[in-house]
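What follows is one structure encoded as structure tokens, with my remarks underneath.
Just so it is clear, the model here is predicted, and its values are computed rather than measured. Residues take their numbers from the sequence shown, with the count starting at 1.
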Amino acid sequence: MALKKPLKKSLIGFELELFTINKEGFIVDAADKILKKTKSDKNFNIKKECATNMIEVASYPNEMVPNTMDHLLTELEYLVSIAEKENALLCPLGTYPGNFNPSMRNDRAYQIKESVFGKNRWKIAGRCVGLHCHYTLPRGIFDAQLRVLKMLIRSKIKDSLVNSYNLLIAADPALTCFMQSSPFYQGRYIAKDSRVIMYRGGEHLSNKSGLYANLEEFGGLPPYKLTSLDIMDVISTRYEQWKSYIKSLGLNIKVLSLYGSILDTTWNPVKVNPIGTLEQSGMDMNHPTYVAGIGVMIKFILKRLQEEFYAVVPSEIGIKEPFKVEGDTIYIPPYPFVRNELQKLSAYKGFESDFIYDYCKRFLRLAESCMPKDRIRLIKPFKEMLNNRKTVSDEILDYARKKGFKKGDRISNNLAGNIALLHSRRILDEIIHTRKLIEDLI
């Protein structure tokens with residue numbers, strides 16, 4: 001998400017990653033052709049990603065989610081039309097369902113990651129796409145020139161950063177469940193959210209072969225922090241650790257200049273971003289309707305925390321009654337419960353888990369209580385999702401079963417292609433539907 005000047009108001013923005021597929025539904029390396037056509041248009045923020053089968057579109061941030069979405073939908077329409085001219089389609093699922101071997105880019109920053117992770121493990125990044133949601137950091141806490149957090153004395157501002165940070169971590173199992181769209185990875189059913197399992201990895205998700213399985217501090221769900229100093233400390237510690245990995249590879253330490261800020265050397269699902277935002281990047285890519293809904297939930301909850309200074313408190317109350325509001329306090333579960341239990345249940349079971357179903361329901365209730373009445377229509381798709389107890393992952397699984405898929409099977413490349421085509425062709429309908437949701441809110 002590119003910004004031309006420091007943020008002055010609380011803005012929200014999105015980054016969407018998409019796969020490029022052909023008219024038969026198979027992955028193709030079409031990103032560079034599309035990027036070449038879009039390069040001349042300065043009105044849009046369309047960028048390359050780590051693999052040549054992926055493309056990223058970023059909205060320019062705005063105070064209002066409908067305005068941010070309006071620009072994003074225009075970008076998506078434009079991108080779909082350019083892809084069409086190149087005989088390609090854009091697939092909005094967290095993982096491509098079938099088997100393929102991504103062609104990874106050789107930019108210096110990507111080469112460093114390949115060296116750290118190993119060639120085969122690094123390819124996981126080329127098989128996973130996500131949604132990133134950005135919201136402005138509390139006013140006065142970010143130095144836009146140095147791109148670092150400031151040392152502040154005013155405790156309310158510092159507290160609102162910590163509360164926002166911890167709330168997004170606690171919300172991760174709900175947000176990732178609502179957005180899950182990746183039941184298949186390389187033709188295998190792994191979980192309702194195979195992308196989270198394969199991308200984060202690690203013992204807490206029972207996957208030692210995930211991308212960040214051996215480097216969880218850089219890509220796993222981060223722990224809550226007690227103070228803003230703790231957040232600053234962990235950022236510095238991670239930077240020093242990344243520096244040590246670069247040294248151990250025999251690389252010149254000057255390559256660190258590629259990162260621009262010490263905030264650039266972390267890829268956790270919740271993080272402080274060097275453009276002055278809190279970023280939630282743990283979710284699967286999904287259809288525009290759901291992007292709008294997620295955006296409005298995150299925006300109004302964080303707005304309340306930062307403007308009304310609600311306290312976010314980890315507690316056993318947060319296990320029994322997650323996201324309960326009492327006075328100016330919001331209760332969340334203790335971090336070990338979120339990391340060890342909820343994260344895993346959400347990824348593997350989704351709405352099949354009664355606990356996760358209730359967790360998502362309560363998070364939605366909290367979000368609704370924070371937003372104006374005219375914005376509630378934007379979360380209606382999630383209310384319907386809860387009523388039907390089906391995410392996009394569940395829809396994909398139902399479709400695969402109708403076509404003969406049984407648990408334990410691998411899906412054929414043809415079935416994978418059909419699933420990808422189905423959702424790629426659905427994008428235009430979703431753009432139209434989302435426009436109707438936001439048309440009189442702009």
Side-chain angles (χ1 to χ4, degrees), residues 1-2 15-21 27-36 38-39 45-58 88 90-91 94-96 100-132 134 147 182 185-186 195-196 198-202 209-220 235 238-269 271 273-275 279 281-282 284-285:
M1 190 175 70
E15 293 168 315
L16 278 59
E17 298 165 343
L18 299 139
F19 290 115
T20 56
I21 62 172
I27 286 281
V28 287
D29 296 331
D32 287 342
K33 285 182 182 177
I34 297 168
L35 284 163
K36 193 175 179 182
T38 62
K39 207 172 184 180
N45 191 4
I46 297 161
K47 300 182 285 187
K48 66 182 178 181
E49 254 299 332
C50 64
T52 53
N53 56 271
M54 295 162 65
I55 199 161
E56 181 186 286
V57 54
L90 304 172
C91 181
T95 56
Y96 178 77
F100 78 101
N101 187 30
S103 176
M104 307 304 287
R105 296 193 184 276
N106 59 7
D107 302 44
R108 196 72 181 106
Y110 294 139
Q111 283 182 338
I112 291 168
K113 278 191 160 185
E114 183 176 282
S115 299
V116 172
F117 293 113
K119 195 167 188 175
N120 288 332
R121 200 183 289 257
W122 173 232
K123 286 190 174 182
I124 294 170
R127 299 189 183 108
C128 297
V129 296
L131 163 69
H132 303 183
H134 294 258
R147 298 171 80 197
S182 58
Y185 176 84
Q186 291 291 82
R195 188 197 61 82
V196 159
M198 291 306 303
Y199 195 81
R200 298 183 193 179
S209 60
L211 179 61
Y212 287 95
N214 301 326
L215 295 161
E216 287 188 70
E217 66 271 32
F218 291 98
I235 289 165
R238 282 193 201 118
Y239 177 77
E240 291 303 321
Q241 283 179 293
W242 194 250
K243 190 196 286 186
S244 72
Y245 284 124
I246 288 172
K247 280 182 179 177
S248 69
L249 291 166
L251 299 172
N252 191 319
I253 208 69
K254 287 180 181 176
V255 298
L256 281 166
S257 63
L258 289 168
Y259 297 106
S261 164
I262 66 169
L263 296 171
D264 276 318
T265 53
T266 177
W267 300 274
N268 306 85
K271 66 176 186 177
N273 190 286
I275 58 169
E279 179 182 0
S281 58
D284 282 4
M285 181 50 203

**Item:** Minimum heavy-atom distance between Gly126 and Pro102, given as atom pair plus value
**Value:** O-CB, 3.9 Å
**Message:** Does any part of the side chain of Thr266, heavy atoms only, come nearer than 4.5 Å to the side chain of Ile235, both counted from C-beta?
**Reply:** no
**Message:** If I take atom CD from residue Glu114 and atom CG from residue Asn120, how far apart are they, to the nearest 0.5 angstrom?
**Reply:** 9.0 Å
**Message:** With ring-ring contact (aromatic ring centres under 6.0 Å, His included) as the test, pick out the partner of Phe218 among Tyr212, Tyr239, Trp242.
**Reply:** Trp242
**Reported CD1-to-SG distance for the pair Ile124 and Cys50, which is rounded to 0.5 angstrom** = 11.5 Å
**Side-chain touch Tyr96/Gln186, heavy atoms, less than 4.5 angstrom** = no
**Request:** For Arg200 and Asn268, indicate whether the former's side chain and the latter's backbone hold a donor-acceptor pair under 3.5 Å.
**Result:** no
**Message:** For Ala30 versus Ala88, what's the shortest heavy-atom pair and its separation?
**Reply:** CB-CB, 4.0 Å
**Prompt:** Taking side chain as C-beta onward, heavy atoms only, is His134 less than 4.5 Å from Ile275?
**Reply:** yes
**Name of the residue among Val129, Asp284, Leu211 meeting side-chain contact (heavy atoms from CB on, under 4.5 Å) with Tyr199** = Leu211
**Separation of Leu131 CG from Leu18 CG (nearest 0.5 Å)** = 10.5 Å
**Asked** Side-chain contact, heavy-atom cut-off 4.5 Å: Lys48 with Asp107?
**Response** yes
**Asked** So do the side chains of Thr20 and Leu90 get within less than 4.5 Å of each other, counting heavy atoms only?
**Response** yes
**Asked** Taking all non-hydrogen atoms of both residues, which atom of Pro269 and which atom of Gly219 are closest, and how far apart?
**Response** CD-O, 3.5 Å
**Request:** First locate atom CH2 of Trp122, then atom OG of Ser115, and finally report the distance between them rounded to the nearest 0.5 Å.
**Result:** 10.5 Å
**Message:** Could you check whether any side-chain heavy atom of Leu215 comes within less than 4.5 Å of a side-chain heavy atom of Phe117, counting everything from C-beta outward?
**Reply:** yes
**Item:** For Tyr110, ring-ring contact (aromatic ring centres under 6.0 Å, His included) partners two or more places apart
**Value:** none
**Complete:** For Gly210 and Arg121 the tightest heavy-atom approach is O-NH1, 2.6 Å
**Prompt:** How long is the gap from CE on Met285 to NE2 on His132, to the nearest 0.5 Å?
**Reply:** 10.5 Å
**Prompt:** Has the side chain of Glu56 got a donor or acceptor atom that lies under 3.5 Å from a matching backbone atom of Glu17?
**Reply:** no
**Side chain to side chain, Thr95 and Arg127, heavy atoms closer than 4.5 Å** = no
**Item:** Residue pair Ile262 / Thr265: nearest heavy atoms and the distance that separates them
**Value:** O-OG1, 3.0 Å
**Asked** So, for Ile55 and Ile34, which heavy atoms are closest and what is the spacing to 0.1 Å?
**Response** CD1-CG2, 3.7 Å
**Asked** Given Thr52, which of Met104, Lys33, Arg105 fulfils the side-chain contact (heavy atoms from CB on, under 4.5 Å) condition?
**Response** Arg105
**Prompt:** So how far is it from Met54 CE to Cys128 SG, rounded to the nearest 0.5 Å?
**Reply:** 8.0 Å
